[in-house]
Visitor: 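Would you mind keeping the following structure in view while I ask a few things?
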Amino acid sequence: MEYRGIDVSKYQGDINFKKVKSAIDFAIIRIGYGRYENQKDPKFEANYEGFKSQNVPVGVYLYSYAKSISDAKKEADMVLKWLNGRKLNLPVYYDIEDKSQQNLGKNTLTSMCEAFCEKIEKAGYWAGIYANKYFFTTYLDYRKLEKKYTIWVAQYNSTNTYKGKYDMWQYTSSGKLGGINGNVDMNYLYRNIFVNVGGNSNVTDLPNLSAYNGTSIVDALKSVGFDSSFSARKTLYKKLGFTDTYKGTSSQNTKLLNALRKNESAYYSTNYKGLSFVDALKSIGVDSSFVNRKIIAANNGISNYKGTFSQNLKLLKLLKNGKLKK
């Protein structure tokens with residue numbers, strides 16, 4: 001599937017959103033540049049409200065002038081302040097390409113991207129990186145970044161020759177659309193990454209990851225267009241019945257991925273070898289109290305659960321086969 005979109009800033013002036021709507025599938029709006037309050041894009045508010053009024057999916061980007069990891073974190077903080085909990089359908093992109101940053105070195109620039117994105121995702125949004133092809137391949141560890149975040153690459157050409165992994169391509173800065181005076185950046189989005197998240201988003205539905213064959217929970221969630229931020233993963237983890245505090249560890253992410261690979265109405269199977277249903281539940285981090293076991297039993301056809309060996313054994317077999325209903 002291919003989606004056609006634009007990215008806009010104050011340079012597009014006053015936009016006729018109703019006219020533009022018919023020609024695009026999404027819009028990425030510049031929220032600002034740098035880390036200071038007075039660097040907010042003067043057209044951000046109007047552009048956000050205008051596209052939202054026409055039900056056009058939106059994301060935002062910040063043009064970075066950061067010179068350090070500390071600066072990058074401050075830029076993320078300012079973005080979150082400007083967003084003020086607004087709902088987005090596409091990521092918050094970190095636009096990093098300024099000439100003043102080129103002498104900082106690949107390690108520092110990559111760490112700056114990570115620092116910005118980590119703050120954005122902990123606030124409940126999905127983060128991504130934007131740069132032109134030359135900047136990505138020369139100044140960033142793009143292989144490292146593409147494993148964690150969605151990538152938006154710019155190359156003004158008839159074909160995209162960027163060799164890294166990317167979801168969106170900005171192919172021209174000279175696009176023409178009815179409803180916009182002058183030029184506008186045009187983009188192709190190649191993956192359905194549309195979500196509906198805000199700073200205090202709550203996960204209401206469980207994604208089905210049964211078709212995903214990789215090892216990354218972040219990539220798995222992104223592959224089905226689901227919010228992959230730390231906040232969303234923490235909510236999913238709790239909703240699936242895990243009782244330990246989610247910290248995003250490797251083992252927790254593996255448990256979360258395995259749980260969502262199975263039928264979303266059932267707990268995933270366990271490698272537990274014993275005969276205790278209580279211990280089996282504990283082995284996957286699920287509440288093993290009598291009260292919760294009684295609820296699980298009722299959901300699996302046992303209405304008079306008393307915690308007997310035969311009842312627990314039946315439930316244990318269902319769990320081991322990945323068929324224990326929540």
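Residue numbers run from 1 in the order of the sequence given.
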Visitor: Does any N or O in the side chain of Thr138 come within less than 3.5 Å of the main-chain N or O of Phe135, such that one atom is a donor and the other an acceptor?
Guide: no
Visitor: Output yes when a side-chain donor or acceptor of Thr110 lies under 3.5 Å from a complementary backbone atom of Asn107, and no otherwise.
Guide: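 Judged by distance alone, no pair lies under 3.5 Å.
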Visitor: Testing the basics here: between Asp219 and Lys147, what is the closest heavy-atom pair and its distance to 0.1 Å?
Guide: OD1-O, 3.4 Å
Visitor: Establish, from distance only, whether the side-chain atoms of Asn103 and Tyr139 form a donor-acceptor pair under 3.5 Å.
Guide: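 No, because no side-chain N or O of Asn103 sits under 3.5 Å from a partner of the opposite role on Tyr139.
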Visitor: Relative to the ring of Phe136, is the ring of Tyr162 parallel (under 30°), tilted (30 to 60°) or perpendicular (over 60°)?
Guide: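 Ring orientation, 0 to 90° scale: tilted.
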Visitor: Donor-acceptor check, side chain of Trp126 to backbone of Ser228, threshold 3.5 angstrom: yes or no?
Guide: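 Looks like no, no N/O pair under 3.5 Å.
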Visitor: Looking only at heavy atoms, which two atoms of Leu177 and Ala23 are closest? And how far apart?
Guide: CD2-CB, 3.6 Å
Visitor: Mind listing the closest non-hydrogen atom pair of Asp141 and Lys106 along with its distance?
Guide: N-CG, 3.6 Å
Visitor: Evaluate the criterion side chain to side chain donor-acceptor pair (under 3.5 Å) for residue pair Asp98 and Tyr63; output intermediate values, then yes/no.
Guide: CA-CA 8 Å; Asp98 199 74; Tyr63 189 93; 2.8 Å; yes
Visitor: Tell me if the centroids of the rings in Tyr94 and Tyr149 come within less than 6.0 Å of each other.
Guide: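 Between Tyr94 and Tyr149, the centre distance exceeds or equals 6.0 Å.
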Visitor: With under 30° as parallel and over 60° as perpendicular, where do the rings of Tyr188 and Trp169 fit, or are they tilted in between?
Guide: tilted
Visitor: Report yes if the distance between the aromatic ring centroids of Phe290 and Tyr305 is under 6.0 Å, otherwise no.
Guide: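 Yes, ring centres under 6.0 Å apart.
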Visitor: Whether Glu37 and Lys40 form a salt bridge (side-chain N of Lys/Arg under 4.0 Å from carboxylate O of Asp/Glu) is what I want to check.
Guide: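 Salt bridge absent between Lys40 and Glu37.
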Visitor: Any idea which heavy atoms bring Asp25 and Tyr3 closest together, and the distance?
Guide: OD2-CA, 3.4 Å
Visitor: Does NZ or CZ of Arg86 come closer than 6.0 Å to the centre of the six-membered ring of Tyr48, within 45° of the ring's axis?
Guide: yes
Visitor: Distance alone, cut at 3.5 Å: any donor-acceptor contact between the side chains of Trp152 and Asp7?
Guide: no
Visitor: Please confirm whether the backbone N or O of Lys306 pairs with a side-chain atom of Asn304, one donor and one acceptor, at under 3.5 Å?
Guide: no
Visitor: Taking all atoms of both residues into account, what is the closest heavy-atom pair of Asn253 and Gly248, and its distance?
Guide: ND2-O, 3.2 Å
Visitor: Verify side chain to side chain donor-acceptor pair (under 3.5 Å) between Lys255 and Tyr237, making sure each step is shown before the conclusion.
Guide: CA-CA 9 Å; Lys255 287 198 295 185; Tyr237 194 77; 3.0 Å; yes
Visitor: If only side-chain N and O atoms count, and only distance matters, is there a donor-acceptor pair under 3.5 Å linking Tyr65 with Gln101?
Guide: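 Result is no, nothing qualifies.
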Visitor: Suppose we call two aromatic rings close when their centres sit under 6.0 Å apart. Are Tyr93 and Tyr130 close by that rule?
Guide: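 Here the rings of Tyr130 and Tyr93 have centres that are no less than 6.0 Å from each other.
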Visitor: Might you work through the side chain to side chain contact (heavy atoms under 4.5 Å, CB included) test for Gln155 and Asn132, ending with a clear yes or no?
Guide: CA-CA 6 Å; Gln155 184 185 21; Asn132 59 62; over 6 Å; no
Visitor: Evaluate side chain to side chain contact (heavy atoms under 4.5 Å, CB included) for Val8 paired with Val20, printing each intermediate quantity in order.
Guide: CA-CA 12 Å; Val8 300; Val20 171; over 6 Å; no
Visitor: Over all heavy atoms of both residues, which pair between Ala220 and Leu209 is shortest? Give the atoms and the distance, please.
Guide: O-CD2, 3.4 Å
